[in-house]
Amino acid sequence: MGNAYGDVIGLIVCASVFTAGMTAIGLTGALTDLMKNSQSAAQAAGAFGPFFIAVISGSGDAAAFAFNGAITPFADQFGLTISGLGSLAQIAGAMGRSMSPVAGAAIICAGLAKVNPMEITKRNALPCLVAAFVLMLLL
């Protein structure tokens, strides 16, 4: 349990360092400027940014924390509420984790079912992508 907990905290720390690096090279500022001009761009970034980072990393929380730390504080400048954009990022991150072949739960379930984790990803891909799109439209 301690090792697993350490791995989860490690992912969250890595996401925080990634966010700090994005800020240091000016990427966060550029994304913020882009989203100031388009509320729909901010909604798409809030839904699909954390979603795809979670698919790649296997951690929805790390993806959402990174996005919410870097972008969500500026939500009012995009014409959105902080709670709305933050909720969108958190839910999208959770859905991305559900689709990730490297998420701990996917690996464990695949092992129990004696299948490759990619089989779980293939099964979850379409519903998760559709849900992320609908979520973007609703929040």
Side-chain angles (χ1 to χ4, degrees):
M1 282 301 278
N3 189 30
Y5 183 73
D7 290 346
V8 170
I9 297 300
L11 279 172
I12 293 170
V13 169
C14 287
S16 297
V17 171
F18 179 74
T19 302
M22 285 176 44
T23 302
I25 65 170
L27 185 59
T28 301
L31 290 172
T32 303
D33 290 340
L34 173 73
M35 288 185 278
K36 284 180 187 176
N37 298 325
S38 172
Q39 183 177 4
S40 59
Q43 287 175 306
F48 291 103
F51 181 87
F52 286 119
I53 291 172
V55 169
I56 293 167
S57 70
S59 174
D61 287 339
F65 290 159
F67 185 87
N68 284 336
I71 304 296
T72 302
F74 305 103
D76 59 338
Q77 296 175 16
F78 315 140
L80 302 169
T81 64
I82 290 175
S83 62
L85 187 58
S87 297
L88 176 62
Q90 190 67 41
I91 296 168
M95 285 188 301
R97 178 196 61 230
S98 297
M99 193 177 121
S100 176
V102 295
I107 293 169
I108 290 170
C109 290
L112 291 172
K114 296 180 179 28
V115 298
N116 188 319
M118 283 304 291
E119 296 302 317
I120 294 173
T121 296
K122 286 189 250 180
R123 178 184 174 106
N124 291 344
L126 184 60
C128 287
L129 286 167
V130 169
F133 183 73
V134 170
L135 182 67
M136 178 188 73
L137 296 175
L138 294 178
L139 287 179

What verdict does the side chain to side chain contact (heavy atoms under 4.5 Å, CB included) test give for F51 and M99, after you've listed the backbone C-alpha separation in whole Å, the side-chain angles of each residue and the deciding distance to 0.1 Å? CA-CA 9 Å; F51 181 87; M99 193 177 121; 3.7 Å; yes

Can you name the nearest heavy-atom pair linking A106 to S100, along with the distance? CB-O, 3.4 Å

Mind checking whether R97 and V55 have side chains closer than 4.5 Å, heavy atoms only? no

Common cluster, I25/M35, ILVMFWY with side-chain heavy-atom separation under 4.5 Å: yes

Rounded at 0.5 Å granularity, tell me how far CE in M136 sits from CD1 in I91. 14.0 Å

Test side chain to side chain contact (heavy atoms under 4.5 Å, CB included) applied to T32 and I71, step by step: CA-CA 7 Å; T32 303; I71 304 296; 4.1 Å; yes

Find the distance between CG (D33) and CZ (F74) and round it off to the nearest 0.5 Å. 10.0 Å

Nearest heavy-atom approach of N68 to A89 is OD1-CB, 3.5 Å

Give, for atom OG1 of T72 and atom CD of Q90, the distance between the pair rounded to the nearest 0.5 Å. 9.5 Å

What one should report as the nearest heavy-atom pair of P50 and A63 is O-CB, 3.4 Å

Check for me, please, whether F133 and L129 land in the same ILVMFWY cluster - side-chain distances under 4.5 Å, paths through other members count. yes

When rounded to the nearest 0.5 angstrom, what distance separates CG in D76 from NZ in K36? 10.0 Å

Rounding to 0.5 Å, atoms CG (L31) and CZ (F67) come to a distance of 8.5 Å

Shared hydrophobic cluster for F52 and V130 (ILVMFWY, side-chain gaps under 4.5 Å): no

Closest heavy-atom pair and its distance - A42, L80: CB-CD1, 3.7 Å

Short question: side chain of S38, backbone of L34 - any donor-acceptor pair under 3.5 Å? no

Close side-chain approach of Q43 to L139, heavy-atom, < 4.5 Å: no

What are the two closest heavy atoms between G46 and A92, and how far apart are they? O-CB, 4.0 Å

With a 4.5 Å cut-off on side-chain heavy-atom distances among I, L, V, M, F, W and Y, is there a chain of contacts connecting L112 to V115? no

Taking all heavy atoms of A132 and all of A47, pick out the closest pair and write down the distance. O-CB, 4.0 Å

Is it possible for you to say whether F48 and L85 belong to one hydrophobic cluster, with membership spreading through side-chain heavy-atom contacts below 4.5 Å? yes

With a 4.5 Å limit on heavy-atom distance, are the side chains of M95 and L135 in contact? yes

